[in-house]
Amino acid sequence: MSFLRGVLTGLAIGYLTAPRSGKETRDKLTKNVNDLQSQWEEGVAQVKSQVDKLVGNAEAQANQFANKAENKFDQYKKDAQSTYNKEQAKADYNNTIDNAADSAKAGVNNVEDALKLY
């Protein structure tokens, strides 16, 4: 920043001490300031464009990683649910077999008790 101030001060002194009329000096200063302002605005626009581009790229990568993470989560969730469903089916099957065995045993006991009476 100090360098830029020094350059501008040097230019101002150079223009003010130059052998020109006041109007010519003012016109030239105005033109140079306008040129400098245009260059500054162009530089700011380029920087802004680059920042926007970088932000866009970062957002795209973040979205890509988020989608990958979501897909992995869904896959693990589906796998866990499938495993849970298999375990639940095994438990239900075992409970049904146990109930059938208990019912069969109860039926056998009823038959034995019925035969003991005769």
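Put simply, OH on Tyr93 and CG on Asp98 are 10.5 Å apart, with the number rounded to the nearest 0.5 Å.
Residues Val51 and Val55 form a side-chain contact, since some pair of their non-hydrogen atoms from C-beta on lies under 4.5 Å apart.
Sorted by first then second residue, the salt bridge (charged side-chain N to carboxylate O under 4.0 Å, His left out) pairs that include residues 67-82, not counting sequence neighbours, number zero.
A donor and an acceptor atom, one from each side chain of Asp92 and Gln88, are located under 3.5 Å apart.
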After noting the C-alpha distance and the side-chain angles of Gln37 and Glu41, does the key distance pass the side chain to side chain donor-acceptor pair (under 3.5 Å) rule? CA-CA 6 Å; Gln37 183 178 1; Glu41 289 172 356; 3.2 Å; yes
How far apart are the C-alpha atoms of Asp35 and Lys31, what are their side-chain angles, what is the distance that settles it, and do they pass the salt bridge (Lys or Arg N to Asp or Glu O under 4.0 Å) test? CA-CA 6 Å; Asp35 290 345; Lys31 180 185 177 301; 3.1 Å; yes
From CA spacing to verdict: side chain to side chain donor-acceptor pair (under 3.5 Å), Gln75, Asn71: CA-CA 6 Å; Gln75 179 185 353; Asn71 289 340; over 6 Å; no
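Within the 3.5 Å criterion, the main-chain N or O of Asn99 finds a donor-acceptor partner in the side chain of Ser103.
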